[in-house]
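One structure below.
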Amino acid sequence: MERLRAFSPADDALHGPSGIIGTFGEVWFTSIADHRVGRVRAGGFVQVFSDPGDLVRLPANIFPGADGRVWFTSLGSDRLGAIDPAADDPSTTIVTYALPEGSRPVALKSAADGLLWSSLRGADAIVSLDPRADDPLATLQWFRSTSIDAPAALFTAADGRIWWVNSGSDALGVLDPATGEIRELTLRSGSGAPRAWAETADGRL
């Protein structure tokens, strides 16, 4: 069995890595406990980046956007953020986009059409935006329903539907962007609190 390898930045200051993804030939992650985002480069070299504007708080989830940037949620400051992985110094490219106070964005995923989707746990809402727009916030679309209850882990399925976990009710929610229909699926008693998503080749979640 291959041994587990551990990667740390030179200053060993990495606390609470989360939301790990592979994109742009690297592994990107959020460092939720010290309000940074980072990456593991070829050869195991680790870099972490702080927001020069000091507006990133508790970055939770991270995902590549259709605009070539890596996007992340800033749960503690009610913002979405983006960083350019191709820049000489990516930290200088960090931009954050303010959501209404109390939104508490948790999860973030990109759909096949390029839209980014996020679950706003504090606002009981699901939102989408176009990261390719000159002003991504101007494209923000809100989806609210009594079937959305403290949404957390979110997933964009291959068939175009958006799924999430209703952490307030331990149920699942699903949105069809084509029709705007939102439904809640109650799990069997004793199923526990669902936390994460994956999709098989035949489309099963």
Output all residues satisfying side-chain hydrogen bond (donor to acceptor under 3.5 Å, both in side chains) with [X], sequence neighbours left out; order by chain, then residue number.
X      : value
Thr179 : none
Asp135 : none
Thr93  : none

Look only at the side chain of [X] and the backbone of [Y], and say whether a donor-acceptor pair between them is shorter than 3.5 Å.
X      : Y      : answer
Ser119 : Ala153 : no
Asn61  : Leu108 : yes
Thr30  : Ala60  : yes
Asp78  : Ser103 : yes
Glu184 : Ala171 : no
Asp130 : Arg132 : yes
Ser77  : Leu55  : yes

Tyr97 and Trp71 aromatic ring geometry - parallel, tilted or perpendicular at 30°/60° bounds
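Ring orientation, 0 to 90° scale: parallel.
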
Please assess Leu175 against Arg161 for the test side-chain contact (heavy atoms from CB on, under 4.5 Å), listing each intermediate value before the final yes or no.
CA-CA 6 Å; Leu175 161 68; Arg161 290 186 294 176; over 6 Å; no

Determine whether the aromatic ring centres of Phe143 and Trp117 lie less than 6.0 Å apart.
yes

Rounded to the nearest 0.5 Å, how far does [atom2] of [Y] lie from [atom1] of [X]?
X      : Y      : atom1 : atom2 : value
Phe63  : Leu154 : CZ    : CG    : 10.0 Å
Asp51  : Arg57  : CG    : CZ    : 8.5 Å
Gln141 : Ser128 : CD    : OG    : 4.0 Å
Ser50  : Ile94  : OG    : CD1   : 7.0 Å

Just by distance, with hydrogens left out, do Arg79 and Thr96 show a side-chain donor and acceptor under 3.5 Å apart?
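Looking only at side-chain atoms, Thr96 and Arg79 do form a donor-acceptor pair, the distance falling under 3.5 Å.
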
Just checking, is any N or O donor in the side chain of Trp28 or Glu26 under 3.5 Å from an acceptor N or O on the other one?
yes

Which atoms form the tightest heavy-atom contact between [X] and [Y], and what is the distance?
X      : Y      : value
Ala125 : Ile148 : N-CG2, 3.7 Å
Arg69  : Pro85  : CA-CD, 4.0 Å
Phe49  : Gly38  : CD1-CA, 4.2 Å
Pro131 : Gly114 : CD-O, 3.3 Å
Phe24  : Gly68  : CZ-O, 3.5 Å
Trp197 : Val165 : NE1-CG2, 3.8 Å

Checking side-chain contact (heavy atoms from CB on, under 4.5 Å) between [X] and each of [options], which is the one that passes?
X     : options               : answer
Phe29 : Ile21, Ile62, Ile20   : Ile20
Leu80 : Val95, Leu129, Leu116 : Leu129
Phe72 : Pro105, Ser18, Pro59  : Pro59

Derivation of the side-chain contact (heavy atoms from CB on, under 4.5 Å) call for Val174 and Leu185
CA-CA 8 Å; Val174 58; Leu185 285 72; 3.8 Å; yes

Do the side chains of Thr73 and Ser118 get nearer than 4.5 Å, heavy atoms only?
yes

Begin with the C-alpha distance, continue with both residues' side-chain angles, and end with the deciding distance and a verdict on side chain to side chain donor-acceptor pair (under 3.5 Å) for Ser31 and Asp34.
CA-CA 6 Å; Ser31 185; Asp34 52 14; 2.3 Å; yes

For Arg41 and Gln47, what are the C-alpha separation, side-chain angles and deciding distance, and is it a side-chain contact (heavy atoms from CB on, under 4.5 Å)?
CA-CA 8 Å; Arg41 311 206 76 181; Gln47 294 177 302; 3.3 Å; yes

Check whether more than 12 heavy atoms from other residues, nucleotides or ligands sit under 6.0 Å from atom CG of Asp159, and answer yes or no.
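Enclosed: over 12 neighbouring heavy atoms sit under 6.0 Å from CG of Asp159.
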
Worked check of salt bridge (Lys or Arg N to Asp or Glu O under 4.0 Å) between Arg121 and Asp124
CA-CA 5 Å; Arg121 182 168 181 162; Asp124 288 336; over 6 Å; no

Does this structure show an ion pair linking Asp202 with Arg204, if we count only N-O contacts that are shorter than 4.0 Å?
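Arg204 and Asp202: not salt-bridged.
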
Assess the residue pair Ile126 and Trp163 against the criterion (side-chain contact (heavy atoms from CB on, under 4.5 Å)); give the C-alpha distance rounded to whole Å, side-chain angles, the decisive distance to 0.1 Å, and a yes or no.
CA-CA 10 Å; Ile126 303 297; Trp163 292 80; over 6 Å; no

